[in-house]
Amino acid sequence: MEYSKLVWCGLSSYISITLSFFHIFRSVLSSFNRIPLTVYLDCILSLYFWFCGLCPCTVDLDDHTTIHFWTPRHRRLDKPDLVMIHGFGGTSRWQFSTQVASLSQHFNLYVPDLLFFGKSHTAKSDRSDKFQAECIMEGLKKLGLDRFAVYGISYGGYVAYQMAEKHPEVVDKVVLASTGVGCSDDQKMKELNKFGRNVLDILVPDNPDDLRLLVKFSTFKFNPLKWTPNFFVSRFVDGIYRTHRKEKLELLEDLMERTEDSRPCILTQETLLIWGDKDQVFPLYMGYQLQRRLGSKSRLEIIKDTGHASNIESAGTLNRLIKSFVLGQSQNGI
């Protein structure tokens, strides 16, 4: 009799523990379904940036505008300061995850999220790259920077160009990667037409198919979404592109509707242009065109077998070019 009771108590305890674990597991799965996938990935990337010596910092410019930065935890005076400006493919963490580990060894990195990306936002109506540049400059001033180099990729190149043009006394060297600065209206229309549909829907995708098309146009060596299930691609779209979607579309509309950028002012700074030879978004001829416009203080470096997203496909080469240019070293010394 006592033996039967012991068996029954043991069996009851086992069933109770098993059910408890089942409820916990179901609760975790339920939470996973409620929370966007990008939230988990953002946490991982934030930890990664932290291990690279960076920490998050939010700067309120006024009652209407806030800029979020990743800044050095310990700024070293023996390192130059480098500001990294991302493009439209997500926040700074997503775009520069392949670069911060290497570049943080040589520079004090300041990595802002542009307005309407990440935690940066404004209640003002200005959607120009000039306004983005002024907000970044004001934020950097509040952080104590008085002289730095700037690196911008794609749309971030437009913002970096504005920073360099309007503030030559603050911006030292300039690195522009795969950016459409200086293209004419005819060139702009030609490149937009090759997408075969409204380019806004592709650059700010609203569904998995549009995101897959964006990645296809942006890469050459490999397509990271080729074997990714639609379930995960859809959740990525929800987490990255649906937030401030209206404002992001307005940023692009402002960029595409303006005509005064066809002949940008010539920068006084030394400028490095970096292009993938297979870029389908801003083709290589735009790089040659911009280099001719900027003249003798600029040079163009071409990365072979690389598309628009050189920060993903050829991050090592891109990092070496940035380091050698900003630090004034030869390529062989990197």
Side-chain angles (χ1 to χ4, degrees), residues 36-38 41 85-96 113-118 127-129 132 152-159 176-259 261 275-287 306-313:
L37 177 64
T38 50
L41 297 177
I85 312 294
H86 67 85
F88 252 81
T91 66
S92 58
R93 282 172 297 177
W94 289 90
Q95 290 220 352
F96 295 134
D113 283 326
L114 292 171
L115 293 170
F116 307 117
F117 294 84
R127 298 291 182 262
S128 67
D129 51 327
Q132 292 269 17
I153 185 168
S154 193
Y155 176 74
Y158 285 90
V159 178
L176 303 174
S178 303
T179 185
V181 172
C183 67
S184 68
D185 291 342
D186 289 342
Q187 291 170 339
K188 192 183 301 182
M189 290 306 301
K190 173 187 174 183
E191 299 307 323
L192 292 178
N193 288 336
K194 72 184 180 185
F195 288 95
R197 49 179 300 188
N198 188 347
V199 71
L200 296 182
D201 292 334
I202 299 174
L203 294 177
V204 189
D206 191 41
N207 58 69
D209 290 339
D210 286 344
L211 181 56
R212 290 182 189 279
L213 188 57
L214 173 62
V215 173
K216 178 183 177 181
F217 272 104
S218 300
T219 58
F220 173 76
K221 291 180 181 178
F222 63 92
N223 185 339
L225 296 185
K226 185 174 182 179
W227 305 110
T228 306
N230 263 8
F231 168 75
F232 290 104
V233 179
S234 179
R235 297 189 70 176
F236 186 84
V237 170
D238 291 341
I240 294 293
Y241 292 102
R242 293 231 166 92
T243 303
H244 293 302
R245 175 177 171 80
K246 174 178 176 293
E247 291 83 359
K248 289 172 182 172
L249 291 171
E250 290 170 351
L251 293 175
L252 285 172
E253 288 169 352
D254 178 88
L255 197 64
M256 290 188 292
E257 290 172 0
R258 288 203 328 267
T259 59
D261 282 342
W275 240 268
D277 66 339
K278 307 298 184 183
D279 194 331
Q280 297 186 74
V281 179
F282 297 123
L284 181 56
Y285 76 82
M286 292 186 179
T306 298
H308 183 68
S310 57
N311 56 316
I312 296 174
E313 293 192 299

(request) Could you tell me the separation between the CG atom of Leu41 and the CH2 atom of Trp94, rounded to the nearest 0.5 Å? (result) 4.0 Å

(request) For residues Asp113 and Gly118, report the shortest heavy-atom separation together with the two atoms involved. (result) OD2-CA, 3.8 Å

(request) Side-chain contact test, heavy atoms from C-beta onward, threshold under 4.5 Å: evaluate it for Phe222 versus Ile312 and give yes or no. (result) yes

(message) So, using side chain to side chain donor-acceptor pair (under 3.5 Å) as the criterion, who are the partners of Thr243 when residues are at least two apart?
(response) none

(request) Kindly indicate whether the side chain of Asp277, heavy atoms from C-beta on, has any atom under 4.5 Å from the side chain of Phe220. (result) no

(message) Restricting to side chain to side chain donor-acceptor pair (under 3.5 Å), what partner residues turn up for Asp254, sequence neighbours left out?
(response) Arg258

(request) Please list, chain by chain and in numerical order, all residues satisfying side chain to side chain donor-acceptor pair (under 3.5 Å) with Lys216, sequence neighbours excluded. (result) none

(request) Please report the closest heavy-atom contact between Cys183 and Gln187, naming both atoms and the distance. (result) CA-OE1, 3.3 Å

(request) Please name all residues satisfying salt bridge (charged side-chain N to carboxylate O under 4.0 Å, His left out) with Arg212, sequence neighbours left out, ordered by chain then number. (result) none

(request) Taking all heavy atoms of Gly157 and all of Val181, pick out the closest pair and write down the distance. (result) O-CG2, 4.1 Å

(request) Could you tell me which non-hydrogen atom of Leu115 sits nearest to which non-hydrogen atom of Leu251, and how far apart they are? (result) O-CD1, 3.9 Å

(request) Ignoring hydrogens and angles, tell me if any N or O in the side chain of Asp129 forms a donor-acceptor pair with the backbone of Val159 under 3.5 Å. (result) no

(message) Quick check for you: to the nearest 0.5 Å, what is the distance between Leu200 atom CG and Met256 atom CE?
(response) 3.5 Å

(request) Can you measure from CZ (Phe96) to CD1 (Ile85) and round to the nearest 0.5 angstrom? (result) 7.5 Å

(message) Let me confirm one number: the NE2-CZ distance from His244 to Phe116, rounded to the nearest 0.5 Å.
(response) 6.5 Å

(message) Please report the interatomic distance OG(Ser178) to CD(Gln280), rounded to the nearest 0.5 Å.
(response) 12.0 Å

(request) Using ring pair (Phe, Tyr, Trp, His ring centres under 6.0 Å) as the criterion, list what pairs up with Phe282, not counting sequence neighbours. (result) His308

(message) Let me confirm one number: the CG-CG distance from Leu213 to Asp201, rounded to the nearest 0.5 Å.
(response) 10.5 Å

(request) List the atom of Gln95, the atom of Gly87, and the distance in Å for their closest heavy-atom pair. (result) OE1-N, 2.9 Å

(request) Return the set of residues passing side chain to side chain donor-acceptor pair (under 3.5 Å) with Asn311 (not counting sequence neighbours), or none when no residue passes. (result) none

(request) Applying salt bridge (charged side-chain N to carboxylate O under 4.0 Å, His left out), name anything that partners Glu250, two or more places apart in sequence or on another chain. (result) Arg127, Lys246

(request) For Phe88, enumerate each residue passing the ring pair (Phe, Tyr, Trp, His ring centres under 6.0 Å) test, keeping only those at least two apart in sequence or located in another chain. (result) Phe117, Tyr155

(message) Tell me if a side-chain donor or acceptor on Tyr158 pairs with a main-chain N or O of Thr179 at a distance below 3.5 Å.
(response) no

(message) Are the side chains of Thr91 and His86 in contact, using a 4.5 Å heavy-atom criterion?
(response) no

(request) Identify the heavy atoms of Val237 and Pro208 that sit nearest to each other, and give their distance. (result) CG2-N, 4.4 Å

(request) Quick one: list whatever passes side chain to side chain contact (heavy atoms under 4.5 Å, CB included) with Thr306, sequence neighbours left out. (result) Lys221, Ile303, Ser310, Glu313, Ser314

(request) Return the set of residues passing salt bridge (charged side-chain N to carboxylate O under 4.0 Å, His left out) with Glu191 (not counting sequence neighbours), or none when no residue passes. (result) Lys194

(message) Test of understanding: with salt bridge (charged side-chain N to carboxylate O under 4.0 Å, His left out), list the residues that count as partners of Asp206, not counting sequence neighbours.
(response) Arg242

(request) Go through the structure and list residues passing side chain to side chain contact (heavy atoms under 4.5 Å, CB included) with Pro205, not counting sequence neighbours. (result) Asp210, Leu211, Leu214, Tyr241

